[in-house]
S.K.: 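Dumping the structure here so I can ask a few things about it.
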Amino acid sequence: MTQNAVIDTRELLTPVAKLGLSFEELSDKAHAIQNKCKDFNISNASFNNIRFDGDSGQLIYVPDETSTPRRVPMSKHSMSQLCNKIGVPVRYMDKCLESGMTDLAAENINSWLQDFGKNLFIREYDSRVRGILSDRYMTLDTPDILDVLGEVIDPHEYSTKGFFLTEERFHARIVQNRMMRVDNEDLFAGVQVDSSDVGRSTLIVRFFIFKQVCTNGLCISKGGGILFEQRHVGISLDDFRSEFKTSMSRIPDLITNAAEMIELGRKEKVNLLSESDLTAFTDRLKLTTKLSDEAMGKVINLMQERYSTTRWGLVNSLTEVAQDYTLERRLELEKIAGEILVGKAA
């Protein structure tokens with residue numbers, strides 16, 4: 001198997017403040033990626049027009065648009081999508097590929113492709129398969145999303161504070177330039193946008209709070225915090241533009257509600273005085289967050305040394321620890337932090 005046959009990368013948020021990247025430049029990056037992308041359809045996919053080659057570790061397929069076979073490497077995500085579609089366990093296939101048993105992987109994949117018979121939509125980036133989707137998938141790609149954001153969001157009022165952008169995944173944090181009115185806090189409200197051109201996530205826009213001094217992020221999905229959400233099935237650019245524009249009018253009310261929740265969270269103490277209280281608290285939080293003992297120790301230390309032993313202190317500590325993780329895990333922890341803010345301490 002060639003070294004680049006199945007490719008995976010570590011995904012980390014890029015802080016825009018370090019790059020001086022404007023919203024327009026971010027859109028340019030997305031369009032540059034799009035220029036290297038191509039889409040192909042396969043009707044009645046079977047071993048006759050698509051197969052996995054064990055010798056090269058590449059996918060060989062014949063698109064409807066041409067009779068010429070394409071031989072291309074696959075991303076880790078596209079391999080998992082293919083496995084899920086034909087019913088091959090992804091973990092088993094990962095083990096085969098990681099162990100160099102590509103012939104066994106090919107035997108399994110090609111056997112189940114033999115009579116598959118469904119239509120496939122294959123998305124490539126720079127002559128590499130980035131996604132394998134059904135023919136129900138509707139394209140609303142990152143450049144389209146950024147174009148709408150550029151139309152709706154005033155660049156004089158908002159700035160991009162962080163992003164992750166590849167041919168597979170898009171995430172951006174766009175916050176107001178005006179600080180929230182919360183005493184002794186450097187908080188900025190805005191939106192968090194997530195999408196994927198290859199089915200790794202729905203298109204979702206959430207209300208977001210950014211803490212500038214330590215670049216913590218807090219995602220609030222409760223109480224109207226989801227401004228737009230739609231799978232890439234039955235989605236249209238016009239619907240997104242219209243609904244997102246309407247949803248942005250809710251930002252002032254969401255800011256007011258968030259400020260009130262933060263004030264309440266700063267008053268609600270978390271009892272960590274006794275050993276039994278500390279143990280009970282960490283056990284509950286570990287159950288919710290699935291954090292390791294080491295990470296939990298860091299959360300507790302941040303509460304006691306940097307922030308406060310309050311519900312708001314917990315939120316800040318958890319979102320700071322979240323920065324140690326890759327994007328998907330970080331988003332998961334920031335969502336949990338948002339739920340803690342609007343509810344009760346863990």
S.K.: Do the side chains of Glu332 and Arg329 get close enough for a salt bridge, i.e. N-O under 4.0 angstrom?
M.R.: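 Counted as a salt bridge, because a side-chain N and a carboxylate O are separated by less than 4.0 Å.
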S.K.: Between Phe240 and Phe228, does the ring centroid distance fall short of 6.0 Å?
M.R.: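 Yes; Phe228 has its ring centre under 6.0 Å from that of Phe240.
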S.K.: Salt bridge (charged side-chain N to carboxylate O under 4.0 Å, His left out) for Lys118 and Asp135? Distances and angles first, verdict last.
M.R.: CA-CA 9 Å; Lys118 297 179 182 179; Asp135 58 359; over 6 Å; no
S.K.: Applying side chain to side chain contact (heavy atoms under 4.5 Å, CB included), name anything that partners Ala259, two or more places apart in sequence or on another chain.
M.R.: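 If we apply the side chain to side chain contact (heavy atoms under 4.5 Å, CB included) test to Ala259, skipping adjacent residues, the hits are Met180, Val182.
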S.K.: Would a 4.5 Å heavy-atom cut-off, applied to side chains only, mark Leu314 and Thr309 as touching?
M.R.: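 Leu314 vs Thr309: side chains apart.
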S.K.: Under 4.5 Å between any side-chain heavy atoms of Gln58 and Val129, yes or no?
M.R.: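 Answer no - side chains too far apart.
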S.K.: Do Leu120 and Tyr137 make a side-chain contact, defined as non-hydrogen atoms from C-beta onward lying under 4.5 Å apart?
M.R.: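 Result no, sub-4.5 Å side-chain heavy-atom pair not found.
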S.K.: Please determine, by modelled atom types, if Asn41 and Glu65 share a side-chain donor-acceptor pair under 3.5 angstrom.
M.R.: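 A donor-acceptor contact under 3.5 Å links the two side chains.
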S.K.: Using a 4.5 Å cut-off on heavy atoms from C-beta on, say whether the side chain of Phe281 contacts that of Met303.
M.R.: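 A side-chain contact exists here, since the closest heavy-atom pair is under 4.5 Å.
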S.K.: Should Leu285 and Ile340 count as side-chain neighbours, where that means a heavy-atom distance under 4.5 Å?
M.R.: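 Touching, per the 4.5 Å side-chain cut-off.
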S.K.: Check whether the side chains of Thr279 and Ser276 place a donor and an acceptor atom closer than 3.5 Å, and report yes or no.
M.R.: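 There is no such pair between these side chains.
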S.K.: Quick one: do Glu168 and Arg200 make a salt bridge, cutoff under 4.0 Å?
M.R.: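 Answer for the salt bridge query: yes.
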S.K.: With side chain to side chain donor-acceptor pair (under 3.5 Å) as the test, pick out the partner of Trp312 among Glu185, Glu263, Glu268.
M.R.: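 Of the listed residues Glu185, Glu263, Glu268, the side chain to side chain donor-acceptor pair (under 3.5 Å) partner of Trp312 is Glu185.
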S.K.: Sub-3.5 Å donor-acceptor pair from the side chain of Lys298 to the main-chain atoms of Ser317, do we have one?
M.R.: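 No; judged by distance alone, with no hydrogens or angles, the pair does not exist.
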S.K.: With a 3.5 Å distance limit and no angle check, can you tell me whether Asn84 reaches the backbone of Val90 through a side-chain donor-acceptor pair?
M.R.: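 No; judged by distance alone, with no hydrogens or angles, the pair does not exist.
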S.K.: Looking at CD1 of Ile50 and CG of Asn110, how far apart are the two atoms once the value is rounded to the nearest 0.5 Å?
M.R.: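 If I round to the nearest 0.5 Å, the distance is 9.0 Å.
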S.K.: Please give me the minimum heavy-atom distance between Ser134 and Phe121, naming the atom from each residue.
M.R.: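 So the minimum-distance heavy-atom pair works out to O-CB, 3.7 Å.
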S.K.: Would you say that more than 12 heavy atoms from the other residues, nucleotides or ligands in this model lie under 6.0 Å from the CD of Gln114, or not?
M.R.: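 Yes, because the 6.0 Å sphere around CD of Gln114 holds more than 12 heavy atoms from other groups.
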S.K.: Using a 4.5 Å cut-off on heavy atoms from C-beta on, say whether the side chain of Ile262 contacts that of Ile209.
M.R.: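 Yes - at least one pair of side-chain heavy atoms lies under 4.5 Å apart.
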S.K.: Which value, rounded to the nearest 0.5 Å, describes the distance between Leu149 atom CG and Tyr158 atom OH?
M.R.: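 Here the interatomic distance stands at 11.5 Å.
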S.K.: Identify whether Ile300 and Tyr307 are in the same connected component of the hydrophobic contact network (ILVMFWY, side-chain heavy atoms under 4.5 Å).
M.R.: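 In one cluster: yes.
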S.K.: Do Ile122 and Phe116 belong together in a cluster built from hydrophobic side chains that touch within less than 4.5 Å?
M.R.: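 The answer is yes; both residues are in one hydrophobic cluster.
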S.K.: Hey, could you give me the CD/OH distance between Glu167 and Tyr125, rounded to the nearest 0.5 Å?
M.R.: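 If we round to the nearest 0.5 Å, Glu167:CD and Tyr125:OH are 5.5 Å apart.
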S.K.: Can any side-chain N or O of Ser195 pair as donor or acceptor with the backbone N or O of Leu203 at less than 3.5 Å?
M.R.: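 No; judged by distance alone, with no hydrogens or angles, the pair does not exist.
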S.K.: One pair to check against side chain to side chain contact (heavy atoms under 4.5 Å, CB included): Arg306 and Asn316. What are the steps and the verdict?
M.R.: CA-CA 9 Å; Arg306 180 175 300 179; Asn316 281 287; over 6 Å; no
S.K.: Checking Asp277 side chain against Leu273 main chain: does a donor-acceptor pair fall under 3.5 Å?
M.R.: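 Checking the backbone N and O of Leu273 against the side chain of Asp277, no donor-acceptor pair under 3.5 Å is found.
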S.K.: Tell me the closest heavy-atom pair linking Leu140 and His232, and the distance in Å.
M.R.: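 Residues Leu140 and His232, closest heavy atoms: O-CE1, 3.2 Å.
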S.K.: Is Arg123 salt-bridged to Asp197, going by a charged N under 4.0 Å from an acidic O?
M.R.: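 Salt bridge absent between Arg123 and Asp197.
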S.K.: Would you please say whether a donor-acceptor pair under 3.5 Å links the side chains of Thr256 and Asp253?
M.R.: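 Absent: no donor and acceptor within the cut-off.
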S.K.: Find out if a path of hydrophobic residues (ILVMFWY) with successive side-chain heavy-atom gaps under 4.5 Å connects Phe40 to Val72.
M.R.: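 Yes: a chain of side-chain contacts under 4.5 Å links Phe40 to Val72.
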S.K.: Do Thr160 side-chain atoms and Gly162 backbone N/O form a donor-acceptor pair below 3.5 Å?
M.R.: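 Not at all, since once roles are kept as given, no pair shorter than 3.5 Å links the two residues.
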S.K.: Enter the distance from Leu278:CG to Asn271:CG here, rounded to the nearest 0.5 Å.
M.R.: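 Leu278 CG to Asn271 CG: 9.5 Å, rounded to 0.5 Å.
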S.K.: With Glu124 as reference, evaluate Lys36, Lys38, Arg70 under the salt bridge (charged side-chain N to carboxylate O under 4.0 Å, His left out) test and give the passing residue.
M.R.: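 Option passing the salt bridge (charged side-chain N to carboxylate O under 4.0 Å, His left out) with Glu124: Arg70.
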S.K.: Any non-hydrogen side-chain atom of Arg206 less than 4.5 Å from a side-chain atom of Val191?
M.R.: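 No, too far: nothing below the 4.5 Å cut-off.
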S.K.: When you check the gap from the basic side-chain N to the acidic O, do Lys245 and Glu151 get nearer than 4.0 Å?
M.R.: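 Here Lys245 does not pair with Glu151 in a salt bridge, since their nearest N and O are not under 4.0 Å apart.
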S.K.: I'd like to know if Ile132 and Phe47 are part of one continuous hydrophobic network [Ile/Leu/Val/Met/Phe/Trp/Tyr, side-chain heavy atoms within less than 4.5 Å].
M.R.: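 No, Phe47 does not connect to Ile132 through the hydrophobic network.
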S.K.: Does His171 form a side chain to side chain contact (heavy atoms under 4.5 Å, CB included) with Leu331? I'd like the steps, not just the answer.
M.R.: CA-CA 10 Å; His171 171 86; Leu331 296 181; 3.2 Å; yes
S.K.: For the NE2 atom of His31 and the CG atom of Asp144, what is their distance to the nearest 0.5 Å?
M.R.: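 Output value for this atom pair is 7.5 Å.
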S.K.: Roughly how far apart are Ile235 CD1 and Glu229 CD, rounded to 0.5 Å?
M.R.: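 One gets 10.0 Å once the value is rounded to the nearest 0.5 Å.
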S.K.: Under a 4.5 Å side-chain heavy-atom rule over Ile, Leu, Val, Met, Phe, Trp and Tyr, are Val198 and Ile33 clustered together?
M.R.: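 Hydrophobic grouping puts Val198 apart from Ile33.
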S.K.: Heavy-atom distance under 4.5 Å between the side chains of Val299 and Glu320, does that happen here?
M.R.: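 No, too far: nothing below the 4.5 Å cut-off.
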S.K.: Output yes when a side-chain donor or acceptor of Asp194 lies under 3.5 Å from a complementary backbone atom of Ile204, and no otherwise.
M.R.: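 Flag not set: sc Asp194 to bb Ile204 has no pair under 3.5 Å.
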S.K.: So, Ser78 side chain and Gly131 main chain: donor-acceptor pair closer than 3.5 Å or not?
M.R.: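 Here the side-chain-to-backbone pair does not exist.
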S.K.: Please test Ile109 against Arg51 for side chain to side chain contact (heavy atoms under 4.5 Å, CB included), starting from the C-alpha separation and ending with a verdict.
M.R.: CA-CA 8 Å; Ile109 291 173; Arg51 64 184 177 89; over 6 Å; no
S.K.: Could you tell me whether Asp239 and Arg241 have a side-chain N and a carboxylate O separated by less than 4.0 Å?
M.R.: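 Salt bridge: no.
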S.K.: Can you list the steps and then say if Ser27 with Asp147 is a side chain to side chain contact (heavy atoms under 4.5 Å, CB included)?
M.R.: CA-CA 7 Å; Ser27 181; Asp147 287 347; 3.7 Å; yes
S.K.: For residues Phe244 and Val148, report the shortest heavy-atom separation together with the two atoms involved.
M.R.: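 Scanning both residues, the minimum pair turns out to be CD2-CG1, 4.3 Å.
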S.K.: I'd like to know if the side chain of Thr139 reaches the main chain of Asp141, judged simply by a donor and an acceptor atom lying under 3.5 Å from each other, with no hydrogens or angles considered.
M.R.: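 No.
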S.K.: Just by distance, do the side chain of Thr288 and the backbone of Arg284 share a donor-acceptor pair under 3.5 Å?
M.R.: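 Pair found, side chain donor or acceptor close to backbone of Arg284.
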S.K.: Within the side chain of Thr246, is there an N or O that forms a donor-acceptor pair under 3.5 Å with the backbone of Ser242?
M.R.: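 Yes: the side chain of Thr246 pairs with the backbone of Ser242.
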S.K.: What class does the angle between the rings of Phe188 and Phe210 fall in, given that below 30° is parallel, 30 to 60° is tilted and above 60° is perpendicular?
M.R.: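 Rings of Phe188 and Phe210: tilted, 30 to 60°.
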S.K.: Less than 4.0 angstrom from a charged side-chain N to a carboxylate O is my criterion; do Asp324 and Arg330 meet it?
M.R.: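 Salt bridge between Asp324 and Arg330, a charged N being under 4.0 Å from a carboxylate O: no.
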S.K.: Glu339 vs Lys335, test: salt bridge (charged side-chain N to carboxylate O under 4.0 Å, His left out). Steps then yes/no.
M.R.: CA-CA 6 Å; Glu339 292 169 351; Lys335 184 174 181 292; 2.9 Å; yes
S.K.: Give the minimum heavy-atom separation between Asp64 and Ser43, together with the two atoms involved.
M.R.: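 Heavy atoms only, the tightest pair is OD2-OG, 2.6 Å.
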